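In what follows, a structure is listed as structure tokens, so that the remarks can point back to it.
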There are 2 protein chains.
Amino acid sequence: MATIDVLKVLASEPRLRILQWLKEPNRHFSPHDGVDMIEIGVCVSQVAQKLDMTQSTASQYLTMLLRAGLLTTERIGKYTYYKRNEVAIARFAEAMAKEL
Amino acid sequence: MATIDVLKVLASEPRLRILQWLKEPNRHFSPHDGVDMIEIGVCVSQVAQKLDMTQSTASQYLTMLLRAGLLTTERIGKYTYYKRNEVAIARFAEAMAKEL
DNA sequence: TTGTCATTTCGGAAAATCTCGTTATGATCG
DNA sequence: CGATCATAACGAGATTTTCCGAAATGACAA
């Protein structure tokens with residue numbers, strides 16, 4: 001995905017916040033039983049609640065961050081967990097420092 | 001200016017291009033007589049022509065980049081020259097790498 | 001001063017984005 | 001299977017952004 005398209009995804013307060021919350025999920029979300037939020041991630045409804053927006057909106061935002069390559073996802077049972085893609089995020093930060 | 005607001009300014013193809021063109025102004029613009037584009041910068045009309053947009057639009061975009069702190073400006077005679085603020089740009093790239 | 005040129009500001013139409021409610025899909029449980 | 005729950009996809013109204021043309025500002029030159 002091109003730099004400009006990633007920038008467009010990031011240039012939104014709620015989406016940027018999601019990415020930042022996920023740096024320390026334990027600080028910002030209450031965990032599901034037996035789920036390590038750092039290893040597995042956080043599910044859509046948890047993000048929706050924290051955003052104070054509908055589940056529909058949270059799902060869209062997470063999908064946008066996913067398509068931008070900044071998150072990864074894993075489905076476990078009925079839940080879909082999202083977490084940061086640290087490698088891709090670091091790569092993007094480097095690209096910014098170079099291209100900007 | 002907050003990170004999110006700078007991101008919004010950058011998340012636009014024409015504005016991002018302006019910033020990138022200004023990395024090598026001699027490669028992208030034809031100079032005014034006796035004006036060192038690296039030292040002094042590039043004027044609004046030059047950018048408008050390169051963008052293939054009106055001078056009004058170019059002026060607005062340059063102003064947005066200026067307010068974001070990414071450019072500096074200097075008026076000489078009837079021309080207003082804009083150039084990159086390398087220190088601020090580097091600072092922003094660092095902030096991104098940290099906050100992202 | 002008057003005229004001209006570069007730039008900025010203002011107002012608005014078209015396009016894009018935001019965010020929602022609703023519906024559809026997929027998975028689990030009884 | 002049928003019911004339920006989490007998520008994704010769809011469609012739409014409200015808001016924001018984009019980009020323009022016209023009018024205002026500021027600087028120089030005659």
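All of these numbers come straight from a predicted model, not from anything done at the bench. In what follows, every chain begins at residue 1, and chains take the letters A, B, ... in the order their sequences are listed.
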CG of A/Leu51 versus P of C/dC20: gap in Å, rounded? 9 Å
Please figure out whether A/Arg75 or A/Pro14 has its closest DNA chain C nucleotide nearer the 5' end. A/Pro14
Between C/dT19 (C1') and A/Ile18 (CD1): distance, integer Å: 13 Å
Mind calculating the distance between CD1 (B/Ile4) and C1' (C/dT17) to the nearest angstrom? 14 Å
Heavy-atom nearest nucleotide on DNA chain C for A/Gly77 versus B/Tyr79: which residue maps closer to 5'? B/Tyr79
With the side chain counted from C-beta on, respond yes when B/Tyr82 and B/Glu74 share a heavy-atom pair under 4.5 Å apart, and no when they do not. no
Tell me which residues in residues 54-67 of chain A lie within less than 4.0 Å of DNA chain C, going by non-hydrogen atoms. A/Thr54, A/Ser56, A/Thr57, A/Gln60, A/Tyr61
Which atom pair, heavy atoms only, marks the closest approach of A/Cys43 to A/Tyr79? SG-CD2, 4.0 Å
Would you kindly give the CD-to-P distance between A/Gln49 and D/dT7, to the nearest whole Å? 12 Å
From NZ of B/Lys8 across to C1' of D/dT15 the rounded distance in Å is 12 Å
Say you draw a straight line from CD of B/Gln60 to CE of B/Met64; how long is it, rounded to the nearest 0.5 Å? 8.0 Å
Measure the distance from CD on B/Glu13 to P on C/dA16 and round it to the nearest whole Å. 12 Å
Heavy atoms, side chains only, cut-off 4.5 Å: are B/Leu100 and A/Leu16 in contact? yes
Hey, can you tell me if A/Phe29 and A/Trp21 have their rings parallel, tilted or perpendicular (30° and 60° cut-offs)? perpendicular
Passing candidate, side chain to side chain contact (heavy atoms under 4.5 Å, CB included) with B/Leu62, options B/Thr73, B/Val42, B/Ile18: B/Ile18
Rounded to whole Å, please give me the gap between OH in B/Tyr81 and C1' in C/dC5. 13 Å
Measure from NZ on B/Lys78 to P on C/dA6 and round the result to the nearest Å. 5 Å
